[in-house]
Amino acid sequence: MGTENLVRKLPNDIGGDEAGKIERVEHELLPWEKRCHALADVLDFHKIINTEEKRRGVESLGAEMIGKLSYYERWIVAFANILFQKGILTPGELAVKMSEVEGRFSDVPDTRQS
Amino acid sequence: MSEQHDHDHDHDHDHDHAPITVDEKPGYFDLMETAVRELLIERKLFGADEIRRQIEVLDSRTPALGAKVVARAWTDADFKSRLLENGRTGCEELGITFYDDTQLIVLENTPAVHNLIVCTLCSCYPRPVLGLPPDWYKLKPYRARAVYEPRAVLEEFGTSIPDDVEIRVSDSTAIIRYLVLPMRPVGTEHLNEAQLADLVTRDAMIGVIQVGYDREAA
């Protein structure tokens, strides 16, 4: 019961679903979110990742990640996955680079929420 | 929040990265964005200047551009017919550049038809003319419900459309975007184009509200 809908409708395909009241939320993009948006546009201009590939990349994150990650978190993870699939980056290279970037903030107290 | 402090940069960097003054470590996804961007720039797939330029482009796009298009269409019938024929070239006539491959279809509201735009699959939106979409446009309740109970959705925005007016919902795609051309409010015959543009809001061009004019308040 109900499992056929998992096949018929992928996680992004929510048009027509039951849903609650529209909360008219808005927020100013965080600096990294704006950079992520600009990155998306530049990736599209260069045909490295186009808009439809991005959408499918988000969809293929699966329902749990789509539900729990924020909008631009989904985008950047989708970009990384697509770049791995295309052989442009490897997960190892990204991990090394992320450590390097994090190291630039080594003298900043860690106030992040885990 | 901790106090802001100057952050000494003694390491070399030949590319831009996160803000120079920071009061907390960037989060995991923030780090990932910087890492992906820098790796691709190192590989010369694009330049750091392109990201900077695109941020400026994004910052320059606001609903004021769409409002200008709407006000021109209200005051120039020939422009309006060209705009309805081809939304993209119509906007380009007013100097609004399209920085992507998207086509724009302008949907005219009339006494018989009210238009509403949505992107059920994600968040496609006429960004060159309206800027970035509000969060509610990207969240499930609007995306899910706009297509099957638009009148109930409109009521939540305080918009009542009479039953004899047809409501058309247009679902955007990666390459086809929509903009609603609202009806010009009655009693605005004396207003010039710039004054008319001031009446036109983002939400009216999404189609969730109508453009109002209160002569007493004006």
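Below, chains carry the letters A, B, ... as their sequence lines are ordered, and counting in each starts from 1.
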Counting only heavy atoms closer than 4.5 Å, note whether B/Leu40 contacts chain A via side chain, backbone, both or neither. side chain

For the candidates A/His46, A/Glu18, A/Glu52, A/Glu23, which exhibits the highest count of non-hydrogen atom pairs separated by less than 4.5 Å from chain B? A/His46

Of the listed residues (A/Glu33, A/Lys54, A/Arg55, A/Glu59), which shares the most heavy-atom pairs with chain B below a 4.5 Å separation? A/Arg55

Select, from A/Leu83, A/Leu89, A/Val96, the one with the greatest count of heavy-atom pairs under 4.5 Å involving chain B. A/Leu89

Which answer fits A/Val77, side chain, backbone, both or neither, if we ask what part of it has an atom under 4.5 Å from a heavy atom of chain B? both

For atom CD of A/Glu28, is the number of surrounding heavy atoms from other residues, nucleotides or ligands below 6.0 Å larger than 12? no

For atom NZ of B/Lys44, is the number of surrounding heavy atoms from other residues, nucleotides or ligands below 6.0 Å larger than 12? no

Mutual orientation of the aromatic rings belonging to A/Trp32 and B/Phe29 [parallel < 30°, tilted 30-60°, perpendicular > 60°]: parallel

For B/Lys140, is it the side chain, the backbone, both or neither that has a heavy atom under 4.5 Å from a heavy atom of chain A? both

Interface check, chain B: of A/Glu93, A/Lys34, A/Arg24, most non-hydrogen pairs under 4.5 Å belong to A/Arg24

Ring pair (Phe, Tyr, Trp, His ring centres under 6.0 Å) with B/Tyr178: which residues, sequence neighbours excluded? none

Could you tell me which portion of A/Ile88 (side chain, backbone, both or neither) has an atom closer than 4.5 angstrom to a non-hydrogen atom of chain B? both

For residues 89-115 of chain B, pull every pair meeting salt bridge (charged side-chain N to carboxylate O under 4.0 Å, His left out), keeping only residues two or more places apart or in separate chains. A/Lys47-B/Asp101, B/Lys80-B/Glu108, B/Arg82-B/Glu93, B/Arg88-B/Glu92

Among A/Thr51, A/Leu94, A/Ile14, single out the residue with the greatest number of heavy-atom pairs under 4.5 Å to chain B. A/Ile14

Just how far is it from atom CG of B/Leu31 to atom CZ of A/Arg104, taken to the nearest 0.5 Å? 9.5 Å

